[in-house]
Amino acid sequence: MLNFLKRTKVSKKTAVGADFSRSDILSGTMPSHVAIIMDGNGRWANKRALPRIAGHHEGMKVVRKITKLASELGLDALTLYAFSTENWKRPKIEVDFLMKLPEEFLATYLPELIQENVRVRVMGDKDKLPGHTLTAVDRAIRETSGNTGLILNFALNYGSRTEIIEAVKKIADDAKNQKLHIEQIDESLLSDYLMTNELQDPDLLIRTSGEIRLSNFMLWQLAYTELWFTEVLWPDFKEEDFLQAIADFQQRGRRFGGV
Ligand code: IPE
Ligand code: IPE
Ligand code: MG
């Protein structure tokens with residue numbers, strides 16, 4: 001437990017971020033659910049004159065590191081944006097590679113995830129995933145279904161607008177079939193029809209690579225989430241960056257519209 005935290009004792013100071021020591025973070029209010037838009041793999045590869053897929057491969061190792069840390073910190077859920085409904089626009093060779101990554105990731109790290117009591121979960125339109133991707137993902141979901149630690153939620157072929165449309169369709173259908181009354185439709189009911197139904201809304205959203213946008217990610221769920229952006233490209237993202245984001249989160253005053 002907390003191996004990474006024990007290894008490093010230094011406190012860190014940056015120009016923009018809050019000062020933090022690891023023990024301060026542990027004694028502060030932890031976000032329950034952190035979501036990450038893992039961006040910048042292509043640019044990381046470009047800078048090294050490597051093919052874009054090399055960036056995705058490197059990014060996979062960061063997924064492992066950050067999952068481990070999130071688990072050690074005792075977070076309830078970590079949602080990772082791995083493939084958007086818009087990413088199908090990319091060259092076939094890149095899409096094919098991205099669809100093989102979950103398999104490679106799970107072939108390498110599933111035993112470790114099981115050992116760490118992590119429960120794998122996926123949100124997105126699974127019907128459009130290639131069979132081999134689906135098989136790997138379903139196996140991981142099955143084999144970790146009894147785990148009670150961190151929920152590792154992969155957004156795979158996920159788009160927030162599609163998610164909302166699908167929810168609205170199901171609600172309309174249930175209303176038509178008298179399973180619910182229109183008066184029952186409220187925020188909590190709509191949340192239950194979304195792909196995040198069993199998860200709390202994220203407390204903290206991280207986006208790497210300097211892009212300041214949401215790119216169709218969790219538009220409903222992020223209504224009151226604290227947003228944190230960094231120029232760091234995803235393959236360069238370190239445990240310290242994650243801890244910095246949490247330290248900054250702990251300095252924020254969340255008012256939810258109150259005073
Ligand atoms: C994020 O990195 C990974 C996915 C979107 C799958 P990118 O591939 O978007 O990297 P950049 O933004 O082109 O650098
Ligand atoms: C968002 O990144 C999707 C993922 C990280 C999976 P993109 O790189 O696809 O987003 P845009 O195109 O820059 O908005
Ligand atoms: Mg990108």
Side-chain angles (χ1 to χ4, degrees), residues 33-67 70 77-106 108-109 120-130 132-134 136-137 140 151-165 194-196 199 202 204-222 225 227-238 241-242 245:
H33 181 182
V34 177
I36 308 183
I37 302 176
M38 311 181 288
D39 200 9
N41 295 349
R43 277 164 281 170
W44 182 91
N46 274 345
K47 282 205 313 200
R48 290 161 179 77
L50 295 168
R52 292 177 56 84
I53 57 171
H56 297 313
H57 198 262
E58 195 65 22
M60 188 180 74
K61 299 179 197 162
V62 181
V63 169
R64 182 232 184 165
K65 267 196 307 201
I66 298 305
T67 300
L78 177 68
T79 292
L80 300 176
Y81 204 5
F83 192 91
S84 77
T85 47
E86 287 73 34
N87 287 149
W88 296 105
K89 292 177 196 160
R90 296 185 177 204
K92 184 172 181 322
I93 183 166
E94 182 171 348
V95 169
D96 287 350
F97 187 85
L98 286 168
M99 287 298 149
K100 285 202 187 98
L101 264 191
E103 259 170 287
E104 188 183 339
F105 176 79
L106 293 166
T108 317
Y109 301 122
V120 176
R121 180 185 194 284
V122 171
M123 63 173 188
D125 182 358
K126 287 216 245 164
D127 293 345
K128 295 204 180 70
L129 298 178
H132 61 89
T133 313
L134 201 54
V137 155
I151 297 174
L152 177 59
N153 181 37
F154 285 105
L156 197 54
N157 192 23
Y158 172 86
S160 183
R161 288 184 168 182
T162 307
E163 175 191 35
I164 292 170
I165 288 167
L194 295 176
M195 292 168 176
T196 41
L199 303 176
L204 171 64
L205 171 83
I206 296 172
R207 181 167 188 154
T208 59
S209 89
E211 308 298 352
I212 317 288
R213 56 174 168 264
L214 296 180
S215 303
N216 201 12
F217 190 53
M218 300 182 96
L219 302 179
W220 170 274
Q221 296 89 339
L222 295 175
T225 301
L227 310 179
W228 193 86
F229 298 97
T230 175
E231 295 285 329
V232 175
L233 304 174
W234 179 250
D236 289 328
F237 193 78
K238 302 276 180 298
D241 297 311
F242 191 71

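Whatever order the structure lists ligands and atoms in, that order sets their numbers, starting from 1. Side chains included, hydrogens not; waters and symmetry mates left out as well; all remaining heavy atoms used. All of these numbers come straight from a predicted model, not from anything done at the bench.
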* Stepwise salt bridge (charged side-chain N to carboxylate O under 4.0 Å, His left out) check, R48 with E58 -> CA-CA 12 Å; R48 290 161 179 77; E58 195 65 22; over 6 Å; no

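Ligand 1 has no N or O atom lying under 3.5 Å from any N or O atom of W44, backbone or side chain. For the pair R213 and ligand 2, the shortest N or O to N or O distance falls below 3.5 Å. The distance criterion of under 3.5 Å between nitrogen or oxygen atoms is not met by Y81 with respect to ligand 2. Not a single N or O atom of N87, backbone or side chain, sits closer than 3.5 Å to an N or O atom of ligand 1.
Close approach of ligand 1 to R43 is summarised as follows: ligand atoms under 4.0 Å from at least one heavy atom of the residue are 11 (P), 12 (O), 14 (O). Distances below 4.0 Å separate heavy atoms of R90 from the following atoms of ligand 2: 7 (P), 8 (O), 9 (O). Within ligand 2, the atoms closer than 4.0 Å to a non-hydrogen atom of F83 are 6 (C), numbered from 1 in the order shown. Taking every heavy atom of N41 and a limit of under 4.0 angstrom, the matching atoms of ligand 1 come to 1 (C), 2 (O), 3 (C), 7 (P), 10 (O), 14 (O).
One option in E94, M38, E86 has a heavy atom closer to atom 1 (C) of ligand 1 than any other, and that option is M38.
Proximity of A82 to ligand 1, defined as any heavy-atom pair under 4.0 Å, is confined to the backbone N, CA, C and O atoms. Contact annotation for R52 and ligand 1: only side-chain heavy atoms (C-beta onward) come within less than 4.0 Å of the ligand.
Taking a distance limit of 4.0 Å, we find that atom 12 (O) of ligand 2 is approached by no protein heavy atom.
For residue D39, an N/O/S atom approaches the Mg ion (ligand 3) to within less than 2.8 Å.
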